[in-house]
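Take a look at the structure below.
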Amino acid sequence: MNKTILALRGALLAATALLIATPAQAAPRSATGGNWLYLTVTKGDARSRDVRGTLLICDPPQGHARAAQACDQLTAVRGDIRRIPPEHTYCTMLYAPVTVSARGEWDGHQVAYTHTFANSCDLAAKTGAVFALSEQTPVRSVPGGRPAPGAADGAPRARGTS
């Protein structure tokens with residue numbers, strides 16, 4: 001058993017030495033060249049495993065379903081997600097937490113943003129298209145100021161006839 005422990009210690013020391021001796025990898029900035037953010041969306045509580053992520057690149061816009069719109073919104077606020085004007089819409093008070101994060105670079109400045117929203121409607125109303133990583137992202141509102149069907153959770157609602 002002592003030989004096994006010594007072998008493991010030796011392997012750990014060798015791995016540590018390699019990590020220390022290996023030069024750091026080039027920053028993602030060099031690969032993307034301009035404005036970029038790595039975005040994640042986590043549905044549920046902090047222990048949730050429902051995490052999606054993507055790299056949003058804005059020259060040219062690419063990374064998710066609404067990349068062009070997200071890049072336009074970020075350009076308007078100089079990459080500061082907190083400054084995106086909230087959309088005036090009605091969201092249910094259903095608590096279904098969604099935590100988002102953005103890490104990257106915008107106009108030469110580091111971006112680090114993390115926030116938990118009450119639900120996906122609240123997220124969409126306050127961050128626009130930035131965290132719309134898929135086509136299932138909720139439609140926030142319809143003309144007349146009423147919430148769109150499925151706005152609270154992104155799921156389409158069937159309408160029955162009365």
Minimal non-hydrogen separation, Phe117 against Thr127, with atom names: CZ-CG2, 3.7 Å
Closest non-hydrogen atom pair between Leu55 and Trp36, with its separation: CD1-CE3, 3.5 Å
Inter-residue atom distance Cys121.SG - Tyr90.OH, 0.5 Å rounding: 12.0 Å
Audit row: Arg52, Lys43, side-chain contact (heavy atoms from CB on, under 4.5 Å) steps and yes/no: CA-CA 9 Å; Arg52 290 176 297 161; Lys43 291 186 179 183; 3.7 Å; yes
Pairwise side-chain contact, Val41 with Val51, heavy-atom cut-off 4.5 Å (strictly under): no
Can you tell me if [X] uses its side chain to pair, donor with acceptor, with the backbone of [Y] under 3.5 Å?
| X | Y | answer |
| --- | --- | --- |
| Gln73 | Ile84 | no |
| His64 | Val130 | yes |
| Asn119 | Leu94 | yes |

side-chain contact (heavy atoms from CB on, under 4.5 Å) assessment of Leu37 paired with Phe131: CA-CA 11 Å; Leu37 296 175; Phe131 293 98; over 6 Å; no
No-hydrogen, no-angle side-chain donor-acceptor test under 3.5 Å, Thr114 and Arg103: yes
Side-chain donor-acceptor pair present, Thr99, Thr42, cut-off under 3.5 Å: no
Asn35: which of Leu56, Asp107, Val111 passes side chain to side chain contact (heavy atoms under 4.5 Å, CB included): Asp107
Contacts under 3.5 angstrom, residues 74-81 side chains, donor-acceptor by atom type, not counting sequence neighbours:
{"from": "Thr75", "atom 1": "OG1", "to": "Cys71", "atom 2": "O", "distance (Å)": "2.8"}
{"from": "Asp80", "atom 1": "OD1", "to": "Arg82", "atom 2": "N", "distance (Å)": "3.2"}

